[in-house]
Structures are given as C-alpha cells and as structure tokens.
Protein chains: 2
Amino acid sequence: MRQDARENRQRILAAADHVFGTHGEAGSTEDVARLAGVGIATVFRHFPTKESLIEAALVRHFTDLHDQTQAAITAPDPTAALHTLIRRMIERGASKLTLASMLSRDAPPAVVTASGQVKAAVDTALRRAQATGSVRPDVGVEELYLLIRGLAQTTAAAPVPAAVLERAVDVILTGFATDSRPATGKTVDSSPTTEAGGARNPAPPDRPAARPRPV
Amino acid sequence: MRQDARENRQRILAAADHVFGTHGEAGSTEDVARLAGVGIATVFRHFPTKESLIEAALVRHFTDLHDQTQAAITAPDPTAALHTLIRRMIERGASKLTLASMLSRDAPPAVVTASGQVKAAVDTALRRAQATGSVRPDVGVEELYLLIRGLAQTTAAAPVPAAVLERAVDVILTGFATDSRPATGKTVDSSPTTEAGGARNPAPPDRPAARPRPV
DNA sequence: CTGTAAACGGAGTCCAGACTTCGTTAAGGA
DNA sequence: TCCTTAACGAAGTCTGGACTCCGTTTACAG
C-alpha cells in the first residue's frame with residue numbers, strides 16, 4: 001500500500017471516530033470525507049460501505065482502549081486499579097460506546113471480539129478488587145459495565161460539567177465499595193459470555209427491594 | 001374535533017411512542033402509521049412534521065412520568081420516596097430519554113418544560129431525603145439525573161436482565177447513602193470475607209463464535 | 001527523470017423516507 | 001334518513017445521503 005494511502009486511511013478513521021462519535025450513525029460519510037480532507041470516493045475505496053467504516057473505527061477504538069486498560073490492570077493495588085480503569089473508560093470510551101450499542105443488533109465479529117477483550121479486562125480488574133475485600137462481591141462485570149456504559153453514553157450525547165461527572169463516578173465507586181452491608185455471600189457469575197436471556201443464575205427471587213439500610 | 005379523529009390521534013401517539021422509543025429518531029413515520037393502523041397522510045394531518053410528532057410523544061411521556069413522580073414524592077418516608085422515584089424513572093422512562101437526548105440540541109420549549117417538571121420533582125425528592133441525613137449532601141440533581149439517564153438509556157438500547165439492572169440500581173442507591181462516603185479511601189479491611197472464588201479464572205479472551213451481546 | 005499503475009476526487013446514479021395531492025368514506029347534525 | 005364536510009388513505013413528488021464512474025494526479029521503481 002502506498003504511503004499516502006496509508007496516511008489517508010488513518011485520517012479517515014480519525015474523522016469517522018469524531019463524526020460518528022458525535023452524531024451517531026446518523027453522521028454522513030460525506031462529513032467524514034470532508035473532515036479527513038479527502039474526496040468521498042476515497043472513503044469508499046478504503047471502506048466499501050458505511051457500516052464497514054463504522055466497524056473499523058470501533059475496532060480501532062476498542063483496541064486502543066484495551067491497551068490502556070492493560071496498563072491500568074497491572075497496577076499493584078487492585079482497588080486503585082479498578083478505579084483508574086473505570087475513570088479511564090468513561091473519559092475515553094464515551095463517544096464510541098454509543099456507536100457500539102447502535103450496532104448491537106448484528107455486531108460484526110471483529111467488534112464483538114475487540115469489545116469483548118475490554119470487557120474481559122474489566123472483569124479481571126473487578127475480580128481482583130473483590131478478592132481484596134474492598135469491593136462488594138455480589139456484583140459482576142455486567143452491573144459495572146452497565147453503569148459505565150450509561151455514564152459514558154450520556155456524557156457523550158451532551159457534555160457534562162467535569163465536577164458533576166466526577167461526583168457521579170464517585171457515587172458509583174462508593175456504591176461498589178464494601179460497607180456494612182450484610183454480604184449476601186453469593187458471588188454472581190457474570191462472565192462476559194452471558195447467554196442473551198436473563199435467566200442465568202436464578203438470582204434471589206426476593207431481591208432486597210426494601211433494604212433496611214439507609215438510603 | 002370528530003370522535004374518530006381524536007381516537008386516531010391517541011393511537012398515533014402511542015405508536016410513535018413505541019417506534020421512536022425502539023429505533024430512536026431513525027424510526028420511520030410510515031412505521032408509525034402502520035402500527036397505528038392509519039394511512040401515512042393521517043399522521044401528517046395530525047402532526048405536520050416528523051419532529052412535531054416526536055415532540056408530542058415526548059411531551060405526553062414526560063407529563064405521564066410527572067404524574068407518577070408526584071405520587072412517589074408524597075410518600076411519608078423521603079428516603080423510600082427517592083428510591084421509588086429512581087426505580088420508576090428507570091423502568092418507565094427508559095426509552096424516551098434516548099429521544100430526549102437526541103432532541104437536546106434545539107429541544108422544543110414544550111419538551112423542555114415537561115422534562116423540567118420531572119427534574120424539579122426529582123430535585124425535591126432528593127433534597128427531602130438529604131434533609132433526613134440518609135443521603136450524602138454533596139450531590140445534586142445533576143449527578144442523580146446523569147446516572148438515571150445513563151441507566152435508562154442503556155437499558156432501552158439493549159434489554160438487560162432484570163437482576164442485573166436491579167443490582168446496578170442498588171449500587172447507585174448505596175453510593176448515594178451517607179455512611180460510606182470516601183470512595184477513594186479504599187476500605188481495605190482484610191475481614192475474612194468468604195472470598196472463595198478469589199481469582200475466578202477470568203473469562204477466555206477469545207470470544208466464542210456464539211454471538212454474545214456486544215459492548 | 002520518466003513511465004506506470006495506484007490513488008485520488010468531482011460528478012453523477014439510485015433509493016429510502018419525509019411530505020402532498022386528491023378522490024373516497026363516513027361521522028353526526030337536522 | 002340525508003347531506004355536509006371533516007377525516008381518511010393510496011399514490012404520488014422531492015430531497016438527502018449512500019455508493020459508482022471515469023478522467024486526472026502523483027508516489028516511487030528503474
């Protein structure tokens with residue numbers, strides 16, 4: 001591949017990252033081309049369809065994110081590592097998770113793989129933190145991921161004051177910490193390979209909906 | 001207005017609620033018409049543009065939601081009231097908040113007003129709970145709303161097992177409680193938590209071919 | 001330097017979906 | 001019951017955006 005072609009490809013991916021991250025899949029390919037400073041034909045030469053373009057941008061994003069998570073995970077203190085990981089994912093992962101959810105119907109295998117690796121990394125970090133006893137044992141990656149995604153998605157849609165976001169993250173972290181809660185003892189199995197249905201692990205039918213604790 | 005026209009209007013609104021709630025603003029007006037069992041022209045007679053249709057659906061939704069929140073707020077126990085409110089908003093408010101965020105750029109005044117009332121209600125509930133001392137005082141509606149929106153939005157995009165959602169909500173509620181404030185001060189108490197599954201074999205990095213949910 | 005094929009971009013084509021037109025149907029008052 | 005006209009829906013028009021064609025430009029091997 002020629003040098004300029006390689007450069008253009010990167011420019012296009014970066015542009016796609018921004019356009020689709022901002023406008024969701026409603027962003028137009030033409031905008032991507034304009035932002036990348038190339039003709040629209042060039043975009044389609046590198047990525048035959050709009051979908052493949054989005055897919056490539058997502059894979060790139062998750063791969064980058066995965067590299068970052070690896071660094072965070074290897075930190076000595078598991079609890080601090082988890083905190084770092086969560087903050088980083090919300091900051092960096094914001095815009096693209098929106099896209100990922102848009103593709104959720106028939107997510108391309110490549111994207112599933114890439115995002116799966118990130119999820120596995122979070123899973124590892126969470127379990128390690130739980131092993132130290134500082135994180136409540138009754139939650140799994142699913143819950144954590146749900147909260148992270150929610151926050152990331154929302155902040156991506158409409159920018160939020162840093163201070164507000166920071167406090168929101170703090171609320172989540174606090175919620176994950178072990179406190180005087182009567183550990184239900186059962187560690188939920190939330191490995192990333194969940195069956196689509198929700199009937200896994202017959203969770204206690206009597207969820208403490210009205211827990212006698214404060215709040 | 002003729003009786004049948006009034007009925008059709010309601011049918012159209014309900015259909016719009018479902019279509020746009022499911023597919024976001026990408027849902028087509030034709031789908032709405034089909035689901036409502038009317039011709040497409042009828043839809044446009046009642047609502048001159050697609051945007052006005054979405055707007056009307058949103059206003060209806062927030063108005064309904066506001067009615068429900070009022071009931072929750074008047075409960076005797078402020079803390080329990082806040083909990084009920086949060087759960088209800090996540091359950092009921094799921095799909096439409098997505099739309100609301102889509103319209104966020106130039107949200108129609110009517111929608112702003114309607115959603116603002118809901119927000120005010122949440123604000124009231126939050127302050128009352130804080131007054132009892134059971135909720136940490138350093139967070140405001142913004143943080144709460146951010147978390148609620150995130151959860152609602154995400155669950156709307158891709159259905160989540162009830163048990164997982166329930167635990168995620170519980171995490172938020174715990175995070176709002178007064179006792180375990182300093183999230184950063186890792187509570188590394190080496191209490192003999194029944195950490196049997198300490199290092200539960202992290203999931204295999206290679207996703208199985210069976211397509212799990214992305215992200 | 002020069003030849004050549006890889007890459008490029010502007011000007012299309014084509015279709016999905018928002019919105020209109022107009023002849024038909026039926027609500028509901030007299 | 002009949003008549004007026006509000007309300008209806010099938011069959012359009014039109015525009016935005018995905019994707020293609022083809023003549024032009026340019027990296028780089030010889």
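Below, chains carry the letters A, B, ... as their sequence lines are ordered, and counting in each starts from 1.
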Protein and nucleotides 28-30 of chain C: nitrogen or oxygen contacts under 3.5 angstrom:
from: C/dG28; atom 1: OP1; to: B/Gln3; atom 2: N; distance (Å): 3.0

Side-chain donor/acceptor of A/Glu143 to backbone N/O of B/Glu166, under 3.5 Å: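 Side chain of A/Glu143 to backbone of B/Glu166: no pair is present.
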What is the distance, rounded to the nearest whole Å, between atom [atom1] of [X] and atom [atom2] of [N]?
X       : N      : atom1 : atom2 : result
A/Glu30 : C/dA11 : CD    : P     : 12 Å
A/Arg6  : C/dA6  : CZ    : C1'   : 13 Å
A/Phe20 : D/dG17 : CZ    : C1'   : 11 Å
B/Glu25 : C/dA16 : CD    : C1'   : 16 Å

Rounded distance [0.5 Å steps], CZ in A/Phe44 versus OG1 in A/Thr29: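 If we round to the nearest 0.5 Å, A/Phe44:CZ and A/Thr29:OG1 are 4.0 Å apart.
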Euclidean distance, B/Leu65 CG relative to B/Gln117 CD, rounded to 0.5 Å: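 Spacing of CD (B/Gln117) from CG (B/Leu65) equals 11.0 Å.
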Flag side-chain contact, heavy atom, 4.5 Å: B/Glu7 against B/Gln10: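 Result no, sub-4.5 Å side-chain heavy-atom pair not found.
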4.5 Å side-chain heavy-atom contact, B/Thr174 and A/Phe176: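 Of all side-chain heavy-atom pairs linking A/Phe176 with B/Thr174, none is under 4.5 Å.
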Under-4.0 Å side-chain N/O to phosphate OP1/OP2 contact, A/Thr29 with D/dA18: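 Yes, such a contact exists.
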Within 6.0 angstrom of A/Arg60 CZ, more than 12 heavy atoms from elsewhere: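 For A/Arg60, atom CZ is crowded (more than 12 foreign heavy atoms under 6.0 Å).
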Candidates C/dC8, C/dA18, D/dC19 - which lies nearest the side chain of A/Asn8: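 Side chain of A/Asn8 sits closest to C/dC8.
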DNA chain C contacts made by residues 37-47 of chain A, counting heavy atoms under 4.0 Å: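 Here the set is A/Gly37, A/Val38, A/Gly39, A/Ile40, A/Ala41, A/Thr42, A/Arg45, A/His46.
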Carboxylate-amine/guanidinium proximity below 4.0 Å for B/Arg167 and B/Asp170: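 No, this pair does not count.
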Nearest atoms (heavy-atom pairs only) where A/Lys119 meets A/Val141: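 That would be O-CG1, 3.8 Å.
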